[in-house]
Amino acid sequence: MTELPPSATSPENLTSGEVGLLRVDHVGIAVADLDAAMAFYADTFGLRCVHEETNEEQGVREAMLAVGDDAGPRLQLLAPARPDSAIAKFLDRSGPGLQQLAYTVADVEAASAALRARGLRLLYDTPRRGTAGSRINFVHPKDAGGVLVELVEPAGVRTPKG
């Protein structure tokens with residue numbers, strides 16, 4: 001079970017409101033070649049890959065890179081695993097670069113409902129599987145100042161209801 005560090009959930013660090021953002025989770029960067037991008041960030045900035053996977057549902061190869069002491073947000077590199085994926089379309093439209101800003105939430109369904117209640121559109125009706133078994137949803141960039149905002153509920157964080 002993945003747990004949030006105590007500092008992320010202490011009262012002085014909680015974002016107020018029903019959305020319940022806990023911290024910046026990661027910044028996503030779209031790249032055409034995952035292996036070349038990983039080598040660039042390792043050789044140039046000294047970042048380390050701490051997780052790599054292919055998410056078939058999303059059609060993406062991805063790597064999470066650790067920055068500094070490993071306690072902060074990650075840098076996520078996203079490369080298309082197939083030509084019809086959202087990342088492939090992003091690269092065709094915008095080229096490589098910043099693709100998303102992701103926040104950790106304790107409950108992605110509650111955060112999504114709170115944002116919908118505020119009139120924002122989310123890309124999925126129900127959360128989908130994200131990196132390392134997390135549950136995710138996205139706020140439409142047209143409703144967030146042109147930024148694709150991802151909501152990430154890490155795997156094992158939520159306790160089952162019942």
Side-chain angles (χ1 to χ4, degrees), residues 1-11 13-31 34 37-38 47-67 70-82 84-91 98-162:
M1 173 184 239
T2 302
E3 293 195 22
L4 297 173
S7 62
T9 56
S10 64
N13 289 334
L14 290 178
T15 304
S16 62
E18 301 84 33
V19 178
L21 302 183
L22 300 175
R23 65 181 176 94
V24 172
D25 191 86
H26 65 271
V27 175
I29 298 178
V31 300
L34 184 64
M38 288 171 56
L47 304 187
R48 318 175 293 298
C49 180
V50 294
H51 182 81
E52 184 178 350
E53 72 178 85
T54 298
N55 184 324
E56 297 295 340
E57 179 184 346
Q58 302 288 330
V60 67
R61 284 187 62 217
E62 60 183 280
M64 287 291 198
L65 306 181
V67 179
D70 217 19
R74 305 280 191 222
L75 181 68
Q76 180 185 44
L77 302 176
L78 301 153
R82 58 178 193 260
D84 66 337
S85 68
I87 290 298
K89 292 174 186 173
F90 178 90
L91 287 167
L98 226 49
Q99 190 264 344
Q100 60 171 276
L101 174 61
Y103 296 101
T104 303
V105 297
D107 184 336
V108 70
E109 289 169 335
S112 297
L115 291 167
R116 281 189 186 101
R118 293 177 181 173
L120 278 71
R121 292 172 288 171
L122 280 89
L123 298 189
Y124 308 136
D125 291 333
T126 59
R128 294 194 181 176
R129 188 187 84 72
T131 304
S134 62
R135 299 174 71 230
I136 62 169
N137 207 338
F138 293 90
V139 177
H140 196 291
K142 288 184 179 176
D143 293 349
V147 177
L148 179 63
V149 173
E150 182 178 8
L151 306 171
V152 179
E153 179 187 308
V157 168
R158 187 175 1 159
T159 54
K161 296 175 185 171

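Here the structure is a predicted model, which is why all the values come from computation and not from measurement.
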Restricting to non-hydrogen atoms, name the atom on A30 and the atom on L91 that form the minimum distance, rounded to 0.1 Å.
CB-CD2, 3.8 Å

Over all atoms of both residues, closest heavy-atom pair of I87 and A79
CG2-C, 3.9 Å

Roughly how far, to the nearest 0.5 Å, is CZ of F90 from CG of L98?
7.5 Å

First locate atom CG of D143, then atom CG of L120, and finally report the distance between them rounded to the nearest 0.5 Å.
5.0 Å

State which residues pass side-chain contact (heavy atoms from CB on, under 4.5 Å) with V147; sequence neighbours excluded, sorted by chain then number.
L101, V149

Short question: side chain of N137, backbone of V108 - any donor-acceptor pair under 3.5 Å?
no

So do the side chains of L122 and L151 get within less than 4.5 Å of each other, counting heavy atoms only?
yes

Nearest heavy-atom pair of A66 and V50: which atoms, and what distance?
CB-CG1, 3.7 Å

Report yes if some heavy atom in the side chain of S134 is under 4.5 Å from a heavy atom in the side chain of R129; otherwise report no.
no

Taking it one step at a time, do Q58 and S85 satisfy side chain to side chain donor-acceptor pair (under 3.5 Å)?
CA-CA 7 Å; Q58 302 288 330; S85 68; over 6 Å; no

Compare all side-chain heavy atoms of L148 with those of Q99 and state whether any distance is below 4.5 angstrom.
yes

What are the two closest non-hydrogen atoms of A88 and P80, and how far apart are they?
CB-CB, 3.7 Å

Between E53 and A132 (side chain of the first, backbone of the second, donor and acceptor by atom type, cut-off under 3.5 Å), is there such a pair?
yes

Is it true that the side chains of E150 and H26 contain a donor and an acceptor less than 3.5 Å apart?
yes

Check: K142 main-chain N/O paired with H140 side-chain donor or acceptor under 3.5 Å
yes

When rounded to the nearest 0.5 Å, the distance separating CD of E62 from CE of M64 is 6.0 Å

Are the side chains of N55 and T131 in contact, using a 4.5 Å heavy-atom criterion?
no

For the residue pair L21 and T104, establish whether any side-chain heavy-atom pair is separated by less than 4.5 Å.
no

Validation row: P73, V67 side chains within 4.5 angstrom (heavy atoms)
no

Do other residues, nucleotides or ligands put more than 12 heavy atoms under 6.0 Å from the OH atom of Y103?
no

Just jot down the salt bridge (Lys or Arg N to Asp or Glu O under 4.0 Å) partners of D84, sequence neighbours excluded, or say none.
R82

Would you please name every residue forming a side-chain contact (heavy atoms from CB on, under 4.5 Å) with A110, sequence neighbours left out?
D107

For A111 versus V19, what's the shortest heavy-atom pair and its separation?
CB-O, 3.3 Å

Is there a side-chain contact between R121 and R116 (heavy atoms, below 4.5 Å)?
no

How about F138 and I136: do any of their side-chain heavy atoms sit closer than 4.5 Å?
yes

Could you walk me through whether R74 and H51 pass side chain to side chain contact (heavy atoms under 4.5 Å, CB included), step by step?
CA-CA 10 Å; R74 305 280 191 222; H51 182 81; over 6 Å; no

Nearest-0.5 Å distance, CG of residue L75 to CG of residue L65
5.0 Å

